[in-house]
Visitor: 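Have a look at the structure that comes next, please.
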Amino acid sequence: MPAPEQHRLIFRHIDEPGYSNDLACYQRNGGYEVLRKAVQRKPEELVDEVKKSGLRGRGGAGFPCGVKWSLLDRKSGKPIYLVVNADESEPGTFKDRYIIYRDPHQLIEGIMITCFANKVERTFIYIRGEFPDGAKILEKAIAEARAAGFVGPNIVGTAYGCEIYVHRGAGAYICGEETGLIESLEGKRPYPRIKPPYFPAVLGLYQCPTIVNNVETLCHVKHIADMGGEAYSKIGTPNNTGTRILCVSGQVQRPGYYEFEVGRVTMGQLLNEVCGGPLPGRTFKAVIPGGSSAKVLRFGERYKGKRKVGAEMVEYDWGVEDIPMDFDSLAMIGSMGGSGGVIVMDDSVSMVEALGNINAFYSHESCGQCTPCREGSLWMKRITARMVHGDARPGDGALLKSVADQIAGRTICAFGEGCAWPTQSFVAKFGEEFKSYSKETRGPRPDGVPELV
Amino acid sequence: MINLSAETMRRIDDVIPHYPMKRSAALPLLHFVQEDQGYISSEAIEWIAAKLEIQPINVYELVTFYPMFRQKPIGRRHIRVCRTLSCAIMGGYRTCAEFQRQFNTGLGEVSPDGEVTVEFVECLASCGTAPVVMIDDELHERVDASKARELSEKIKAAPAAGAR
Amino acid sequence: MIQPATPDLVTVNVDGREIAVPKGTNMIEAALRLGIDVPFYCYHSKLTIAGNCRMCLVEMGMPAVDPATKAPVMDPATGRQRINWVPRPTIACATNASQGLHIRTTTPMVKECREGVMEFLLINHPLDCPICDQAGECKLQEQSTGYGRGYSRYVEQKNVKPKRTLLGPRVMLDDERCILCSRCVRFSKEVAKDDVLGFTDRGSYSTLTCYPGRKLENNYSLNTVDICPVGALTSTDFRFKMRVWFLRQTNSIDTESSAGANTVVWSREGAVYRITPRQNDAVNDTWMADSGRILYKAVRAQGRLDSVRVNGAESTLEFAVKAAAEILAGGGAAVVASGRSSVEEQFLSRKLCEALGARASLVARVGKGDGLLVSADRNPNVRGALVTGLVADLPSPALDSLGAQIDSGSVRAVVSIGEDLAAAGLTAAQLARVPTIYLGTHANATSASARVVIPTLTVFEKDGTFVNQQFRVQKFARAVPGIAGATDDLLVLAKLVAAVGGPVPGADVGGVWAQIAAEVPALATMNHGDIPDGGLLLDGTPWAALPFPEGPSLHFTPAASAPREAKP
């Protein structure tokens, strides 16, 4: 089956000739009309629309957005905060960047609707420090929106008001974790908090109820407020509604961002048709479907079982190419949809070296708070570094897996899984490469193949 | 004694009230001070701590945690090459090696001519146009070794326009 | 099916055993009450929960209920309510007791968790045991023995960090040994209120440090050494001096102030090596001040009195007592007793006063309280003097009235029990005017000019009790034998009382208590042996109107009536 067309809902104006990131252009394209209508409604109605829509978070966890909002503690009397997670640091992900740089008002409109729906009066956009121009663009856009009455006190002539402040990070991946982000916003070292008891919906920013939402998710909220939750839920596939922006990078002909209805494009369609297939003379070897924390898939693997389609249980027997790119299918076959960052590796890549690169990333980014991740991530990095640059031993693959097994599930935050899953999956699926990787058997480095670590 | 420009002081005083608790302004203040002075000195750490009514250790903890903050001056231009998986697969290490060769410098140091500091950074969220490089605040895409050579030539051709 | 015990308590289940605990108790404490040890590093009962070491991971489960009807779901296999076990382990320190909570600590998963955490803690840990002071009381040693895998698989390089940093005058830091549990950081911030410690860098390179140029030098810095589970923070005073497994532990009380912090005195073969706090949740939690820890140095300090002297010449106890009795027989005697004496000694001092027809004065020692464990009254036992009836009022700042009485001639002999009269305000002339009998431990102006000098014992060399600012009577025990030449204060006082014609009371703690119980209302029907290790609270209302100098401090709020010093 040929790949469907892209459904550019969020990315409608990205790459549109003549579209600029100022308010005037946004308003020429109908901007802030949705906000105008939304503030005439009851906030609870808007929350309901988001619940009906089935929107799942686009930052990596895929948690139902409406459910997250409904967990907010509204009884404590403490102010409720929205924190926008613009820290986009998951390797392989590059979508929020374009929203911020090229269509910031869409984000702002989504933020204001979300704030109105949740009775939030102060919002912080936590933007990664490596987007310095993005921060300036956002500040300019907020100032424009404020001047036009869309941000600040008494928006569009109502009694409701909300302030938005931009807060820049400074180069730490762990600030993308919601409680790490909150600690960083409070001016402390970004050590994620233990849950229980520090669920952000109850004890978040400044120990007040807080929602942390991804940039793309908030843009979807705008569209849900526009078309209604029910209409939105018909886009995509059941339980995996709406669209999502897939970011394809690595060894394909046409890497880039592509927005599809969730679950309506398969991995094969995406990589072979939309992205033009592998580079000349190469074949696909492995793909990480949801940001580097997701478990790797090996081309040639088969995934078999039964899954629910409608009311029935249906058998499936898939190769990598057949997997629909939605949260549930990817989870079912042992990986995850994650942040939508699809990293493609071909037969020129050594999986040991690729894992070495990933392990170096995680050990560098580990905050160091809890024992398994702090020590384990560095140990795994040292093992793969030694394998690549020193002496690889046949037992190293098994040792790597054993170390990773001691991390996942034992840590304060999901970084533990994030640093363990790559190792577990690389060793599980490419075990023979790990066993046989040694200076003697590996041979000279082929020309044109870059080092990875 | 810390000597910040009037503009920087204005930015600092504007940003502190954004937060219900002063300590939150630590990161913005560190950015402003680094943009003003090129790096974070110990005087700056103590000044920021006093300004936010926290302890110097609380600021020092942040400066050493976040890679973007530095405690020593760097070269006139800051070259940051992404080393994470997608960029590495597309040749990021070779790009970095080329920059280092062009300026005869090691990683994280000030080059002999004082022009650049070259270092690796982690994923810059532009993996589709790998390999990517940030030179100061600007992102450069698809920077293979030959484009690295071009960019280096441009840097060498534009000597210091003023103090950093 | 699992019924709550009472409305305030909940029933939890640890490894199949049930116990009722107050709702919200954390599960480490609940397990401890059943005698089940859940290992941990970063948890401390007096600090906020950090949850970062991950050593206390256990399996947790809650009783299953039908989501719709809330009816209990039964397990046909056991006939009891089914327990839904959470597949991921949870940390016990952050799991609070709620009705029906189950935890398991002996399953294969928990065993693996512990082996994993132990392995991770050891891979970058230096092999310092042979030179590390913590050996013998090191949690890493204990828990790797109890829960570790027993062999190492690590062949990579270990982290190198600063190894011998003088963090402050009393604390040495070895960053390689640090397991980043953050107990010291939390203590400094939350208890000592001196936010001076923090972590720099990140990941496995995180390093504990003070801000460069600052020091960890507050008067509670050594508590970080106590709570450090490994040998990262060590005491400079104790460094390399003695292996802890050779040391004997004796319960004692800090005599620095009326706070009465409970302590442990560690000694070997007659020498004291260090003092550490002893847990008492009603007095000092698990803390004590640094300044109280060095008091043991007085035992062997220069100037320790070690021979009985009469008129400057060496003598015997018997002869000295006789000489003292002769001096006192002339009448006009005054007794300067001490707020540093034990309750038993103060009781005998009172007997001496009664036999002499003299009144006792105490010497006041008032300083600035620190709001924690150094109270404003630097006498540990003024209240003992009140309770035993030795005095009826608080000590006056200087011995003015005594000085006047000496000048006027109405006082013609002074017995000083451990107090330097010159330091207490008597002039050299006044000291020279009257013959003095001095009982004490260290040389001073009074002992130099006294006619009779009888060396006595420090708190470390005898048994007794003190009454602290809470009116809590607390016991201390003899840690080391008295130095040669010194005599137990009770024995000396008993002989003196007998020599001046008073009734012969007991000459040791047991004997004296028989009389105390008979004569002192507050301590009636009490028995020294029955006083629990945590002390016994007395009723302080008879003295409530006195203007005690102490302000609020840990576990102490002064009574509302009399004027107080301001909170520091």
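Letters A, B, ... mirror the listed sequences (proteins, then strands); counts begin at 1.
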Visitor: According to side-chain hydrogen bond (donor to acceptor under 3.5 Å, both in side chains), who are the partners of B:Glu46, at least two apart in sequence or on a separate chain?
Guide: C:Tyr211
Visitor: For A:Phe94, is the NZ or CZ atom of A:Arg97 found under 6.0 angstrom from the centre of its six-membered ring and inside 45 degrees of the ring axis?
Guide: no
Visitor: With chain B, which of A:Cys247, A:Gly368, A:Ala360, A:Ser348 has the greatest number of heavy-atom pairs at distances under 4.5 Å?
Guide: A:Ala360
Visitor: Just do the salt bridge (charged side-chain N to carboxylate O under 4.0 Å, His left out) check on A:Glu139 and A:Lys136 with the steps written out, would you?
Guide: CA-CA 5 Å; A:Glu139 282 173 345; A:Lys136 294 197 188 103; over 6 Å; no
Visitor: Under a 4.5 Å cutoff for heavy-atom pairs, which residue among A:Gly341, A:Gly256, A:Gly129, A:Gly356 has the most contacts with chain B?
Guide: A:Gly129
Visitor: Excluding sequence neighbours, so at least two apart, what forms side chain to side chain contact (heavy atoms under 4.5 Å, CB included) with B:Ile16?
Guide: B:Ile12, B:Lys22, B:Ala25, B:Leu29, B:Lys51, B:Leu52
Visitor: Please identify, among A:Val453, A:Asp96, A:Val248, the residue contributing the most non-hydrogen atom pairs under 4.5 Å to chain B.
Guide: A:Val453
Visitor: Please look at A:Arg254 and chain B and tell me whether the side chain, the backbone, both or neither of the residue comes under 4.5 angstrom of a heavy atom of that chain.
Guide: neither
Visitor: Using a heavy-atom cutoff of under 4.5 Å, enumerate the residues of residues 92-101 of chain B that contact chain A, numbered in order, or state 'none'.
Guide: B:Tyr93, B:Arg94
Visitor: In chain order, what residues pass the side chain to side chain contact (heavy atoms under 4.5 Å, CB included) check against B:Pro20, with sequence neighbours excluded?
Guide: A:Tyr81, A:Arg122, A:Phe124, A:Tyr206
Visitor: Can you see which heavy atom on A:Pro450 is nearest to which on B:Gly91, and at what distance?
Guide: CB-CA, 3.7 Å
Visitor: For A:Ser292, which atoms come within 4.5 Å of any heavy atom of chain B: side chain, backbone, both, or neither?
Guide: neither
Visitor: With a sphere of 6.0 Å drawn around NZ of B:Lys156, does it hold more than 12 non-hydrogen atoms of other residues, nucleotides or ligands?
Guide: yes
Visitor: Can you say whether B:Tyr19 sits under 4.5 Å from chain A via the side chain, the backbone, both, or neither, judging by heavy atoms?
Guide: both
Visitor: Decide if the gap between the ring center of A:Phe361 and the ring center of A:Tyr173 is smaller than 6.0 angstrom.
Guide: yes
Visitor: Ignoring hydrogens, what is the shortest heavy-atom contact between A:Ser184 and A:Pro190? Give both atom names and the distance.
Guide: CB-CB, 3.9 Å
Visitor: Should the heavy atoms of other residues, nucleotides or ligands under 6.0 Å from CE of B:Met9 be counted, would the total exceed 12?
Guide: yes
Visitor: Quick one: what part of A:Tyr98 sits under 4.5 Å from any heavy atom of chain B, side chain, backbone, both or neither?
Guide: side chain
Visitor: So do A:Ile288 and A:Val342 actually touch side chain to side chain, heavy atoms under 4.5 Å?
Guide: no
Visitor: Measure distances from A:Ile174 to the heavy atoms of chain B and classify the residue's part below 4.5 Å as side chain, backbone, both or neither.
Guide: side chain
Visitor: If I measure from the heavy atoms of chain B, does A:Val449 come under 4.5 Å with its side chain, its backbone, both, or neither?
Guide: backbone
Visitor: Of the backbone (N, CA, C, O) and the side chain (C-beta and beyond), which part of A:Tyr258 lies under 4.5 Å from a heavy atom of chain B, both, or neither?
Guide: neither
Visitor: Heavy-atom pairs under 4.5 Å with chain A - which of B:Met90, B:Glu61, B:Met134, B:Glu138 has more of them than the others?
Guide: B:Glu61
Visitor: What part of A:Leu205 lies closer than 4.5 angstrom to a heavy atom of chain B: side chain, backbone, both or neither?
Guide: neither
